[in-house]
Amino acid sequence: MQNMAAAPKQQERASGVIRQEKLAPLDVRLEKLGLVRDWDFALHLPLRYEDETSVTPIGSLAVNTHAQIEGRVADQRFVRTGRGQQLQAVVEDSTGSITIRFLHYFPSIQKQLAVGSTVRLYGEPREGYYGGLEMVHPRIKSGKAAETELPKALTPVYPAGEGIQQRWLRKRIDRALLDLDLTDLVPEAVRTKFGLPGLREALSYIHTPPSGADVIGLQERSAPAWRRLIFDELLAQQITLRESRAVAFQRTAPPLAGDDAELVGCFLAQLPFNLTNAQRRVTDEILADLAANRPMHRLVQGDVGSGKTVVAALAALRAVASGHQASLMAPTEILAEQHFRKIAAWLEPLGIRTAWLTGRLKTAEKNAALEAVASGEARIVIGTHALIQEGVKFANLGLAIVDEQHRFGVDQRAALSAKGDDPHLLVMSATPIPRTLALILYGDLDVSVIDQLPPGRKPIETYAVTSAYHPRLYAFIRKQVEAGRQVYIVCPAIEENEASGGLQAVTTYYTETACALLPRRRIGLLHGKLKPKEKDEVMQKFKAGELDVLVSTTVIEVGVDVPNATVMVIENAERFGLSALHQLRGRVGRGAADSCCILISDNVNEPVRERLQFLCRTPDGFAVAKYDLETRGPGDFFGAAQHGLPTLRVADLVQDTKTLRVAQDE
Ligand code: ADP
Ligand code: MG
């Protein structure tokens, strides 16, 4: 890095022109790395360690193991390759020699590797192209630097941006550690119980390891110093969650205990099905919470198609029967509208007025809706984020429901709660996560699980195939369409451009593949860049059966309910997380007919194929989520924004579940 930074300066001198774009000021670059306060530096943790404490004789270097060597440059030359010029040198000591290779030409490196000079190199040897060993882009110390005493301890390597030198970072971190008040907040007794070192001890062990510490030991997360930081981080997270919960417990909410027997009776009588036991149980859990004078904070998890909407409607009925309003917020216009249509159809016949509020209502419609909400005439209000906007005033909001909660942050949840006088809060999620983890993650929520699908649902046959199956697949689609069924085709990107590489871009796919291979069929195109109105039109047409095939991006991922759709095709399936694929798959199999899901991927990578195969043989969303979590980590499910917690620096909710339990208990 040092060497690369030196290169433009020389050019500058030679030509008198600054070639390189100027770097942003240092503090801006540091801020990008999250480095502002002393604490940020103290907690800027090494990515790995390098062992520069000893020199390995060239003759005993091992392949793929980082090592430091010292020797004399015996040869230096430029080699032309297909891609340009390479710098190649030979370094030797009394035990052997090794080739050093730089794939680009740097004048400064040419100087450092001058024939006859003594150098110290740090890098990873590998088999050379023409036999022997080689090191590509090693770090070079030449001149005086090659003669200094070897360090006594391992060297930490930090995440750093352009123009931020490791040496500078190390010094800055040392200063932060000196300046900070590192008084230990974890009581001695707790530390002793779990064999955790003090905070200062742990941090200095990690930033300036003692001599004799070995690389492997230092990088293990089970090392006491790391365990201490992981523990602290998880403890802080749990305390935050408990605090918000404790605050919630002190609040009072209107008890919603009105007599809803008659309303519920009429409602259930007109449903074309009976509730499942799971739906009944979860509804009872909710109703018990609602009757209390503390605000409910409950998460309902249920696999796609488990029937969460009815449960939400029943909770809303209780609010109405108790003289209060209920609101239901959904993450997309499509979903909000779908909920509105469904719930209005269920409840308007019972004399319950529902209103609908989204960002794109015309001013007059919007004012009318706002008026109905404020006067309390509208008993149930359904909408998108528009519900939490400032101008929205409820007459007496008793229950706020959030659908597909993983799409919303804690802030939005809080904004919705603030719309009423501490209303009860019900959040619903179709992204099932293992119960233990849910309890930990959503520590501020109680969790109910609808762990049963309505009867008669047939498993959705799922297949993973390559694009070589396109002809057969399209023949199959034509047959389904002839039989009156509808088909979704999902592609990952919107337009073909360089960034999307060989991906099936939805617009090109629409014109070149779908329309070409399905002549005379009614095909719709749906993606996020369409105007909301256009999106709705396409979606409504598909719902009404006026389109046979819908080519779409993942905008249809959550919630969309078209029972007549029986085939879900997903192009470039390797691009999606398993949970997302499972959600998409859940768009079919909603009616009585057999449904299937076809995952298309030309990726031959073994873990990718295994992932897709897993989905093919696993219908259960919880199992899929668990697998996703174990193989790809929790990042895919919930970014910080989604569960509303700060990103974890060291701790990992999957790897560190044991420490998490401990932190929870403490
Ligand atoms: P999700 O949990 O994915 O939000 P929905 O509430 O959209 O599921 O329900 C999926 C479909 O199943 C809807 O068409 C709904 O009317 C239907 N449904 C819900 N509960 C039952 C039930 N107990 N028996 C049969 N069908 C049901
Ligand atoms: Mg739903």
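Both counts, for ligands and for their atoms, begin at 1 and track the order of listing. Note that the coordinates shown come from a computational prediction; the quantities given were computed from them, not determined experimentally.
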Handout entry: Check ion pair R478-E482 (N to O, under 4.0 angstrom)
Key = no
Practice task
Select one of side chain, backbone, both or neither to describe which atoms of K342 lie under 4.0 Å from any atom of ligand 1, heavy atoms only.
Solution key: side chain
Problem - F273 N/O to ligand 1 N/O under 3.5 Å - result: no
Handout entry: Mutual orientation of the aromatic rings belonging to F614 and Y627 [parallel < 30°, tilted 30-60°, perpendicular > 60°]
Key = parallel
Practice task
State whether the shortest distance between N or O atoms of G305 and N or O atoms of ligand 1 falls below 3.5 angstrom.
Solution key: yes
Problem - Interfacing atoms of ligand 1 (cut-off 4.0 Å, heavy-atom, N274) - result: 22 (C), 23 (N), 24 (N)
Practice task
Specify side chain, backbone, both or neither for D561, according to which of its non-hydrogen atoms lie closer than 4.0 Å to ligand 1.
Solution key: side chain
Practice task
Measure the acute angle between the ring planes of Y474 and Y509, then classify it against the limits of 30° and 60° as parallel, tilted or perpendicular.
Solution key: tilted
Handout entry: Enumerated ligand 1 atoms positioned under 4.0 Å from heavy atoms of V304
Key = 3 (O)
Handout entry: Heavy-atom check, side chain of R318 versus side chain of H424, under 4.5 Å
Key = no
Problem - CZ/R472: more than 12 non-hydrogen atoms of other groups inside 6.0 Å - result: no
Problem - Distance filter under 4.0 Å to T309 heavy atoms, resulting ligand 1 atoms - result: 4 (O), 5 (P), 6 (O), 7 (O)
Practice task
Heavy-atom contacts with T276 under 4.0 Å: which atoms of ligand 1 show up? List them by number with element.
Solution key: 23 (N)
Problem - Candidate list V402, T354, L387, I401, test side-chain contact (heavy atoms from CB on, under 4.5 Å), partner L328, passing option - result: I401
Completion exercise
Under 4.0 Å from one or more heavy atoms of R590, ligand 1 contributes atoms 3 (O), 7 (O), 10 (C)
Practice task
Using a strict 4.0 Å cut-off to heavy atoms of L275, name the atoms of ligand 1 that fall inside it.
Solution key: 23 (N)
Problem - Basic-acidic side-chain contact under 4.0 Å: R281, D451 - result: yes
Practice task
Check whether any side-chain heavy atom of V304 lies under 4.5 Å from a side-chain heavy atom of H582, and answer yes or no.
Solution key: yes
Practice task
For G302 and ligand 1, answer yes if some heavy atom of the residue is under 4.0 Å from a ligand atom, otherwise no.
Solution key: no
